[in-house]
Each structure stands twice: as C-alpha cells, then as structure tokens.
Amino acid sequence: VQQTFPTMTEAAPAGLSAVRSPTSKKPVVAPEEQATLNEEKRKMRFENEQYLREKPELTMLMRVILSEILDQTPPDPVKFVAEFCTKAGLKEQVMAATSK
C-alpha cells in the first residue's frame, strides 16, 4: 500500500493557502502565512513533547520495540512490530523497563 501525503495547500491550517510558483513545483507561501505555519509547528512540537513527558512509558515502549527490532533484525519489521505489540506480557516488560 503506497502512502500519500497532503500537499502544502491541503495541510495548511484553515484560511491559509499556498501559492505555487509558475517556475517551480515548490509552494511559495506569503511571509505572514509562513509565520503562522511556523507557529503552528512550534505549538505542535511543544504539545507532543509535553505529552511524551507526561507518558514516560510511551518512550520506554518505543525503546523496547526498537531494541527488539535491532536484536532480531526481522525481514518484515512492520509485521514484526504488529505481532510484538500483541504479545502477552508486553505491558509488564515496558513497565519493568520504565522502573529501571
């Protein structure tokens, strides 16, 4: 399944529009719009970091998953993670790692 990503126009907050340059496929954004987009990105990064700080078990879960992937080097990492996340005892493994 091929993943598609939104264009700048689709991803821009409501009320903002990206203008395409006639000589480039890259969007050209007005300075005011760029400032708004930058502020939205900053706000999102702050909220994401705040959430991660409130949920240390999430960071540890990611570490446990990455460690298992690197230890076992599965040929299909996505399938491996899907199966790994449904195994019995995962919560206990993560909580034990969090308390270290």
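If you take CE on Met95 and NZ on Lys91, they are separated by 6.5 Å, rounding to the nearest 0.5 Å. The distance from atom OG of Ser67 to atom CD of Gln72, rounded to the nearest 0.5 Å, is 9.5 Å. How far CD of Glu33 is from CD of Glu40: 12.5 Å, rounded to the nearest 0.5 Å.
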Which donor-acceptor pairs under 3.5 Å do side chains of residues 75-84 form with protein atoms, sequence neighbours excluded?
| residue | atom | partner | partner atom | Å |
| --- | --- | --- | --- | --- |
| Asp76 | OD1 | Val78 | N | 3.4 |
| Asp76 | OD1 | Lys79 | N | 3.2 |

Enumerate donor-acceptor pairs with a distance under 3.5 Å from any side-chain N or O in residues 57-66 to protein atoms, sequence neighbours excluded.
none

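Electrostatic pairing of Glu49 and Arg53 counts as a salt bridge here, judged by a charged N lying under 4.0 Å from a carboxylate O.
Thr73 contributes no side-chain N or O that, together with a main-chain N or O of Ile69, makes up a donor-acceptor pair within less than 3.5 Å.
In this structure, Leu70 is not a member of the same hydrophobic cluster as Val94, with clusters built from ILVMFWY side-chain heavy atoms closer than 4.5 Å.
Applying the side chain to side chain donor-acceptor pair (under 3.5 Å) criterion to Asn38, with sequence neighbours excluded, gives Gln34.
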